[in-house]
Amino acid sequence: MAKTSIEKQEAKLRELNQKIKDEKRKIEQRLGKQIINQAHLDYADLSNEQIKAISKKVADVLNNQQDNQF
């Protein structure tokens with residue numbers, strides 16, 4: 001009986017972990033979309049290198065803002 005209970009809990013945990021991953025993915029997609037829209041960028045013109053460069057710039061700005069708050 002205990003094994004069945006543990007298996008049920010493991011199944012619930014796997015389901016919860018999947019929901020967390022899905023929600024993170026949604027947030028990442030919305031954030032990326034908003035950055036692209038706010039910067040008036042064209043999806044078709046963005047290479048992987050440009051995406052990396054933009055994300056680094058955004059991260060640097062956010063990190064600098066956090067540093068300045070303290």
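Computed from a predicted structure; not experimentally measured.
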Spatial distance of atom [atom1] ([X]) from atom [atom2] ([Y]) [nearest 0.5 Å]:
X	Y	atom1	atom2	answer
N64	D60	CG	CG	6.5 Å
L41	Q50	CG	CD	8.5 Å
I51	I35	CD1	CD1	11.0 Å
K26	E23	NZ	CD	5.5 Å

Indicate yes or no: at least one non-hydrogen side-chain atom of [X] is less than 4.5 angstrom from one of [Y].
X	Y	value
K19	E15	yes
E10	R14	yes
L46	I54	yes
R30	K33	no
V61	K57	no

Check whether L62 and I36 end up in the same hydrophobic cluster, where Ile, Leu, Val, Met, Phe, Trp and Tyr are linked by side-chain heavy atoms less than 4.5 Å apart. yes

